[in-house]
Every structure is written in structure tokens, then in C-alpha cells.
Amino acid sequence: MDLSKNYIPAAVEEKWYKHWLSKNYFKSVPNDRTPFTIVIPPPNVTGVLHMGHTLNETVQDILIRKARMSGFNACWVPGSDHASIATEAKVVDMLKREKGIDKKDLSREEFLKYAYEWKEKYGNIIYNQIERLGCSVDWDRVSFTMDDYYYKAVIKVFVDLYNKGLIYRGARMINWDPVAKTALSDEEVEYKDVTGKLYYIKYYLVKSELSVVNEENNSIYNSQLTTHIVIATQRPETIMGDVAVCANPNDERYANLKGKKVIVPLINKEVPVIFDDYVDKDFGTGILKITPAHDINDFNIGLKHNLPVVDTLNEDGTLSKAAQIYVGEDRFVARKKIVEELKQKGLLVKEEEYITRLGYSQRTNAVAEPKISTQWFIKMRELARPALQTVTSGEVKIHPGEKFNATYKYWLENVKDWCISRQLWWGQQIPAWYDEDGNVFVAETNEEAKKLATGNKQLTRDEDVLDTWFSSWLWPIEVFKGITEPNNKDINYYYPTSVLVTGQDIIFFWVARMIMAGMEYMHEKPFSDVYFTGMVRDKQGRKMSKQLGNSPDLLHLIHEYGADAVRFGIMISSPAGNDLLFDENSLEQGKYFNNKLWNAMKLVKMWGEKLEVTSYQLQDTSGFAVNWFENRLNEVRTTVDNLMNQFQLSEALKIIYSLIWDDFCSWYLEWIKPPFEEKISENIYSKTISFFDELVQLLHPFMPFITEEIYHLLKERNDDLIVKQFSKAKEFNSEILQQGNTLKEIITAIRDARHKHNIRQKEIIKLHIETADEKQYEPIKNILARQTNAGSISFSTTPANSFISIVSGKEKILIETNIEIDTAAQKEKLLKDLNYLKGFLNSIDKKLSNDRFVQNARAEVIELERKKKLDAESKIHAIEQSLSSLE
RNA sequence: GGGAGCAUAGCUCAGUUGGUUUAGAGCAUCUGCCUUACAAGCAGAGGGUCCGCGGUUCGAACCCGUGUGCUCCCA
């Protein structure tokens, strides 16, 4: 077979994915093996996968493939999330832009038809991307949070929680999204610091109530008579909703206003002056306007003082009739106009810049409006308790724990009730029916609601849908139908799942709530480990965003580099929990790595074409190489297992990379490489193939396609790598590993000397080695000679020609050559080494001559220091000898 | 304002109960190589006040305190 010069991923990837599918390798059904289960964090059907998903999906595929190859019944459930508010916003936008349709002109059913079309389109794009990335998900288990059974589960849970008294309906201050025109949960609001303005506005006192003020105490106005007070506000457009003004009871400046009334500007409404400790004397003018409908603190003060609520905003953020003026104008337009009018009427005293925090809707990026609204809520306290317990007890382990345990704990200890109703159509419609008198009946179906309602009254269903997270929190249960068909075979087998891999940004939205739902409905944690990935940022550390255009297209990257290289690139520099600075260079590195593997395979196969039947002895050159690599491989396998058990995937990949590139390709293959035009012995060849098998197996979870391809090209096979089971890693002999290291060091030292003295590679040299242990060179001397292009190695003769003297470890090596040698350069290098070693020796001597060290340190430590001392001394001796021979 | 995390080579990061060296890797850089697997390669090298200061200890990149800077969460 002709093999291409370089590795070409495209054809290979498609071929193997199809093959794996046809063999049902991704499929999992309950059996007597131990399950290893992952449920995918369902991507929103709002668009395509971004780099954050790519990282998460890759991590999950690595874990699931590793488990599949380690004897587990591996099950990875794919799916997607209807993402209520985000998707509805996109669909509304698309309808307007592409079809000129306004949502309000559609019926609920018509709108949902369009939404389902959207879901079909983007859901499929996402599934295709997951496939192209090589993810080994069980495609027979695809779940969508609005599938019929899933919908029923959500409804069932709502009714159940309602009946348990954990869900209630009531008027509360919530965050309102004026663009999506829906309530939001507290978690869906993101706060940003912005520079706003503080407007100082005159409120006149009601004329009959003018009073004398103390000039000294009122720092603002020095009139004999107080005719007005000045109030600072960031939101002049809400003054029409004012129901009082409020000062601190200890503020002497305003003490004389007790029992007085002021006039709200522009609408000339009289409101009382009240007093409350809440007011900060030092902020603004020390007196506040109270607008209970539009500020949570004002709302609380209003409750305390029994004040009315005047809501001056419509649901789309325009001013309502209650505002009396600028009715129908957008809140921000109205603000400008009101400021202008206040200015004209001489009621605006001043404006100043002010940095404040504004809440933005996570989905539409609109400024969220605090609003009193009747919504459905979940009481979170009771649900939080067991969810907190499972994490603090270590039943659910969070990685990296040091970073997130505290955050998790804090949120659950301070959790507030969750607003779950949304004024949208795309989602599970709330199963609550109202009769003509406003009585509410919560039931799974209309029929059951009717049974609950006494008499023959007309029932109408609540129009609202549920927060998308109210469905997502059931994900690890309901993908196995644990709610709709409790105790079925799947849920009993797969639950609790093994590990959840997700972004740290949804720890409250999703992770904490899944644990709550799991404890409530399964009485057991939903997963044993949570692996938080960091955020993927660009090279400069900026968030990936469409606006910046720094978010690369996944399919494009796969096309350019191959899926394996994309997986490699994103994994090689992503320690758990740390943000990842995405750089296409690392994908290129992955591509080069593919090519390296490919060429190593070509080389080995080439040898396979001309074998000779001989047997090797371990003392032989190749024998040493085989022996050394076998031990090295087992050492790395042990390390990799440990790292992967601790979710240190990036570290594991780095070690495998170096094992393949450095140890296998650069050292081992060179050591066993037959001389030009010569043959390789059959048993070394078959050993090499089996090493290669183990290498691609080790790498397979990270780079599945090329490893499967190479596995099949190395040899005719009946099995596939994807399901090949790992054997147990064997013990390794550290003495042989040490011998290998010594060999590598000597080779490197000689090559370095050649390089420094401009002895070209083709130039044949002679080596003279002064060693205490000549025997140790027996198995390695042929390798040494070939790797340094030495014609001979002797242990006794002194060189006839000029020579270079170098020291590697304790070994003194003389390089004999016909080329003239620069003695000064040699001396310089030797002196540098000598200097280092003397400093080193000095530091050890200091330690050993310190009585307190000798008394306090552990015996092993002291022993080690003594050994280091002897070591350093003999190295120094060797260097000094070399130096003296240069004189 | 409260809390958490981080600070090690130009960049990204390892450094697992304080002692295996006077701190490692990858990438980048520099030097030399068109060696018949791979120039997407080979060989070699240089590069560090482990953020500053103070403390604990025989011994600190690691533990404690403090300052500075960055990131995130919560209000």
C-alpha cells in the first residue's frame, strides 16, 4: 500500500466514525458490568457549538473512551436544551428579520411551529458538530428537554413540588426583561459597572408647610425659609412613581420636615416625608425619593411604611398610563426628555457623573427592570440543605475543589426563592388553571384540574412557561426516564452518573439545582464528580464573542487541522478549572504531532517489508533499546493512570506526547534502526509493533481517529482500538531507566561538543572513555557509537590526535578527531561546569556541617545529602582531571 | 463593600504532606544540518530576584503575616 507523505485527516475521520457507529460501539444497554455514565450538558439550540463546548465535549469523550477501554459499560447521553428565553428571543428576531412576522400576530401554536423548526435546524447542526469532533455518544439516547416524555416529567415535578408546598404563586419584586418581556431569575441578571449620572432635583414643599431652617445645618440651601429640598436620583424617569421622600431620622438637616409633604415635580403630586434608618446621610443630599415599584430597597421601605405601589412602566419598558406624562415613551428616551423638562423649569439643580452597577438580562442584554410582579416561585431553603450536605460530606467531589467548594457553599447557604415562571411560549406551560374567581388549581392535565375545581366553572390555563433550568435540573434523571417511569431498568442502572463536565459559569444555574433535584427525587446524588472547565478566551485573554469576531468556527478548524489536532490543541493547555487561552498554534502543534505519528508508522512498516529471522539477546544493542523502552512505557502508563484518575488530563496528554515524540521516535526508533540497506530482526520488529500498539492505545482517548487508523495499518486486525481493553500496567525497573538516562546524557554531551567545535555530523570520531565501570557500556556501546557517529570506542588507550575532553556525570570522555580543537572553548565550558558543581557542593557542605540539620532532618534526607556530596565530588574530580590534561 | 482564587523563563503552565540537586516542560527564540520516516523534520544551546517585604524552620517556590497587581463570585 502506498502511504501518503503526510497525514491527511479528512478521509480517515469520516471512515472510522462510520465504522464505530456500524459496530454499535457507542451504544450502551444495562448489563452486569459496572456502568460509567456521563450526561452531556445539553447545548442550547440557539446556535452552533463554540470553543467552550469543544473543550467540554473533548474532555467528556476522553473520559468516556478511557472508561470504555477499561472494562466499564460506558454510556454517554447526548442531547440539547430548548433554552426557553434565549431561543424564543432568537426565533422572534428571525421571524421579524426573515419573514417580517411579528410575534404578537401569531397564535401560540403557530409560534411554536416556527420554534420547533428552528430547534430541528440548530439541533442537527449541533449534533453534526459533536459527531465531527469524534464524540462517542450513544445516539440512540438523544434527549431534548422538550421531548414529550421530558415535558411530562417537568409538569409532574411542578405538580409534586406544588403539592408539597414548595412552589407558590405571589407578587414579589423580580427582575424584568423588557426586551423578552418576561420575568427573570436573580441568576439570569448580570451586573456591570457603568458610568451613569446622578441628577439633583428640586422637590418643593407644599406651600402651607414651608418652614424655617437652621442655616448651619443645611449645607445645601441657605434661605430663611425652606421652600424645597433637593433629591439625588439616577432614574429621573421614575419620579412619577414616587410615593414618599425619605430621610434618616438622625439627620438634623431634615428633622424639621417631620409630618410635612413635598410635591413631585412635573406631575405635581403630593407625597409625605418619612424617616427611615435605611437612608445613608452621606449619599447624595441625604434624602431619597421612594419609588416602591422600581427599586427593591424602596419596595421594602414601602412595605414597612405601608405605602402604595405606583408602577409607571409597561412590560416593554415604556412609560405606562400611571406615569401620566410621556406615556408610551421608552424609559431611556423618557429619561432624556424629563431631564430636559426639569432643566427648563429650573428644577434640575445639577448633574454629576456616578459609577453604578446595572443589571443586564443574561439573554437579551437589556437593562433589567426591578418590578413587582405576580410570579411562581420555588422555596429553596429546604431543597438546599441536602444539596449542601452531599458536597460538604465529599459524596459529590468538585474539581478543582479549592476553587469552587466555598462558592457552592456560600450560594446554597444564602439561597433565595427561585422565580420559575416566564412570560414566554417556548417552554413547558405551567400546569395551573384558574377559575372565574381567580382560584388556582394545579394538576398535570386539564381534566384533573377540573376534578379539583368544585362546581362547573370555566377554567383557563396559566399562559406562562417554566424557566429553562426548571427542566435542565432533571437532566441526569429524566434522560433515563427516572421521573416519568420511576425504577425502570435504565435509571436503576445508570444513576447516579459518574462525572459531570461543565463550565464553572453554571454552577448555580445548573449544577447546584441538579443536586437538589437528585436528592429530592432519587434520594441520591446525580453524579460522583464534577469537573469544571475554565472559560475559553482568546490569545489576549479576552472572552470569545461574536462582536469581537475572535470565536473560531469549529467545523472550519476541523477542516483545517483535523479533529484529532483540534482535540489535542484544546487539551494540551487546559488545566482543570483554569481559563484556557485559545491559540491556533497549539492546533498546529497537534497537526504536527499527527504527522509525526504517521511517519513513525511509515518507518516501522517499511522495516516490516524486509524482515530477517534472528533472535536478539538482551545484551545486544537492540536488546537494550527494547528493554529500556518497555520499562519506560510501563512507567508512563502508571503515571498517566494516576493523572487521569485525578482529572489531570492536560498533564497526561503532555506526558504521552513526550513519550511518543521523544522516547519512542527520537530515541527508541533511532536505537533500533537497522543500518542503511540492512534488515531488522523479526522479534525486534514484532516488539516494536506491540509498543506502537500500546502507544496508540494510550493516546486513543485523546486522538481517536489517527490512533485507530494507525492501529489498523500496523497489522491486519479483527478488532478495533476503540474497544481494545487496557492490560494492567506492569512494574518497571528503575535501574534500566536510569541506565537509559545515562546513555542519553552521554550522547547529548558528545553531540553538544561536536556542535560547539564544529565537527560536522559526517566526520567520524573516536571515543575514549575513562570509567570506573567498563561493564555497564557493554549493552549500550553500539548505540552510543551509532548515535554519535563514532568509529570506535576504547576504554584504555589515550588518543593519538588532538582531542576534546568532556565530562558527563562521573564519566570522563575524550573525543578524538583530526580537526583542530579550540582548547579555550573547552576550558570555558569545563570551568563553567566546575563552578556550578563547586557552588552546589558548597551548599551541601553547609547543610552537613550544620549540627541542627544533622540532628533534625530525617535519616533518609541526610543519607541523600551524603550521596549528593560524594557524587558532586567525583564529578568535580573528573572535571579537574580533564582541565589538567588540557594544560 | 464581602468572599474566593491566582502571581514561577518572552508566552502557556508543571512543581502531590517543606529536603533528588543552585527550579522543570511545551511553545517561541538562537545556532548547525536538504542524514534515504517526517524541514509539519533532525541535532544542539541560551533564557528565571519562583511578585515585593517580613516571619516560622537546621532548611521555604511550597507554611504564616503583610503589601502590590490580576481574575472570578456575591451584594
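Here is the naming used below: chain letters follow the sequence lines, and residue numbers restart at 1 for every chain.
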Practice prompt. Please measure how far the C1' atom in rA14(B) lies from the corresponding atom in rA23(B), and state the result in whole Å.
Written response: 11 Å
Practice prompt. May I ask you to say what Thr748(A) touches in the nucleic acid, namely base, sugar-phosphate or nothing, with a heavy-atom cut-off under 4.0 Å?
Written response: sugar-phosphate
Fill in: Side-chain donor/acceptor contact of Glu670(A) with base of rA37(B) under 3.5 Å
yes
Item to complete: Using a heavy-atom cut-off of under 4.0 Å over every strand shown, decide if Lys744(A) touches base, sugar-phosphate, or nothing.
Response: nothing
Worksheet item: Which value, in whole Å, describes the distance between the C1' atoms of nucleotides rU16(B) and rG24(B)?
Response: 15 Å
Worksheet item: So what does Asn6(A) hit on the nucleic acid, given a heavy-atom distance under 4.0 Å: a base, only sugar-phosphate, or nothing?
Response: base
Fill in: side-chain hydrogen bond (donor to acceptor under 3.5 Å, both in side chains): pairs with one or both residues in residues 732-744 of chain A, sequence neighbours excluded
Asp663(A)-Lys744(A)
Discussion item. Students often get this wrong, so: under 4.0 angstrom with heavy atoms, is Lys673(A) touching a base, only sugar-phosphate, or nothing?
Written reply: base
Discussion item. Under 4.0 Å, heavy atom to any atom of RNA chain B: which of residues 861-871 of chain A qualify?
Written reply: Val861(A), Leu864(A), Lys868(A)
Worksheet item: Which residues satisfy the side-chain hydrogen bond (donor to acceptor under 3.5 Å, both in side chains) test with Lys868(A), sequence neighbours excluded?
Response: Glu865(A)
Worksheet item: Between which residue ranges does RNA chain B form stems of three or more consecutive Watson-Crick or G-U wobble pairs, both distances under 3.5 Å?
Response: B:1-7 with B:68-74, B:10-13 with B:24-27, B:29-33 with B:41-45, B:51-55 with B:63-67
Worksheet item: Say you pick atom P in rG5(B) and the same atom in rC63(B); how far apart are they, in whole Å?
Response: 12 Å
Discussion item. With nearest nucleotide decided by heavy atoms, which residue, Val854(A) or Asn758(A), maps closer to the 5′ end of RNA chain B?
Written reply: Asn758(A)
Practice prompt. Would you mind telling me which of rG46(B), rG19(B), rU12(B) lies closest to the side-chain atoms of Leu581(A)?
Written response: rU12(B)
Discussion item. As a test of reading the structure: which of rA37(B), rU71(B), rA4(B) is closest to the side chain of Ala406(A), going by heavy atoms?
Written reply: rA4(B)
Worksheet item: Quick one: are Leu580(A) and Arg537(A) in side-chain contact, heavy atoms under 4.5 Å?
Response: no
Worksheet item: When rounded to the nearest Å, what value does the distance between P atoms of rG10(B) and rG48(B) take?
Response: 7 Å
Practice prompt. Answer with base, sugar-phosphate or nothing: what part of the nucleic acid does Trp607(A) contact at a heavy-atom distance below 4.0 Å?
Written response: nothing
All N/O contacts under 3.5 Å from nucleotides 73-75 of chain B to the protein, with atom names and distances to one decimal?
unit_1, atom_1, unit_2, atom_2, d
rA75(B), N6, Arg357(A), NE, 2.9
rA75(B), N6, Arg357(A), NH1, 2.7
rA75(B), N6, Arg357(A), NH2, 3.4

Discussion item. Any base atoms under 4.0 Å from Ser666(A), or only sugar-phosphate, or nothing? Heavy atoms, all strands.
Written reply: sugar-phosphate
Worksheet entry | Integer angstrom distance from the P of rC58(B) to that of rA75(B) | 48 Å
Polar-atom pairs under 3.5 Å, protein N or O versus N or O of nucleotides 23-28 of chain B: list them with distances, or write none.
unit_1, atom_1, unit_2, atom_2, d
rG26(B), O2', Gln589(A), NE2, 3.0

Worksheet entry | Evaluation steps, side-chain contact (heavy atoms from CB on, under 4.5 Å), between Thr688(A) and Phe664(A) | CA-CA 10 Å; Thr688(A) 304; Phe664(A) 186 66; 4.3 Å; yes
Item to complete: Determine, step by step, whether Lys602(A) and Asn599(A) satisfy the side chain to side chain donor-acceptor pair (under 3.5 Å) criterion, reporting the C-alpha distance in whole Å, the side-chain angles of both residues, the deciding distance to 0.1 Å, and the verdict.
Response: CA-CA 5 Å; Lys602(A) 271 164 56 189; Asn599(A) 278 290; 3.1 Å; yes
Worksheet item: Expressed as a whole number of Å, how far does the C1' atom of rA43(B) sit from that of rC38(B)?
Response: 15 Å
Worksheet entry | Nearest-angstrom distance, P atom, rU35(B) to rC51(B) | 45 Å
Worksheet item: Does Lys756(A) have a side-chain nitrogen or oxygen under 4.0 Å from the phosphate oxygens OP1 or OP2 of rA43(B)?
Response: no
Worksheet, complete the sentence: Among the nucleotides rC42(B), rC58(B), rA43(B), whichever has the atom closest to the side chain of Phe853(A) is rC58(B)
Response to the item:
Arg751(A) CZ to rA45(B) P, in whole Å, measures 10 Å
Practice prompt. Consider the side chain of Lys591(A), meaning its heavy atoms from C-beta on, and name the nucleotide among rA37(B), rA45(B), rA40(B) that approaches it most closely.
Written response: rA40(B)
Worksheet item: Are Asp662(A) and Ser658(A) close enough, and set up right, to give a side chain to side chain donor-acceptor pair (under 3.5 Å), and what steps lead you there?
Response: CA-CA 5 Å; Asp662(A) 303 326; Ser658(A) 165; 3.1 Å; yes
Worksheet entry | Span that lies between the C1' atom of rG18(B) and that of rA61(B), in whole angstrom | 10 Å
Worksheet item: Should Lys5(A) be listed as having a side-chain N or O under 4.0 Å from OP1 or OP2 of rA39(B)?
Response: yes
Item to complete: Looking at every strand, decide which applies to Glu651(A) at a 4.0 Å heavy-atom threshold: base, sugar-phosphate, or nothing.
Response: sugar-phosphate
Worksheet item: Just wondering, do Pro674(A) and Trp607(A) contact through their side chains at under 4.5 Å, heavy atoms?
Response: yes
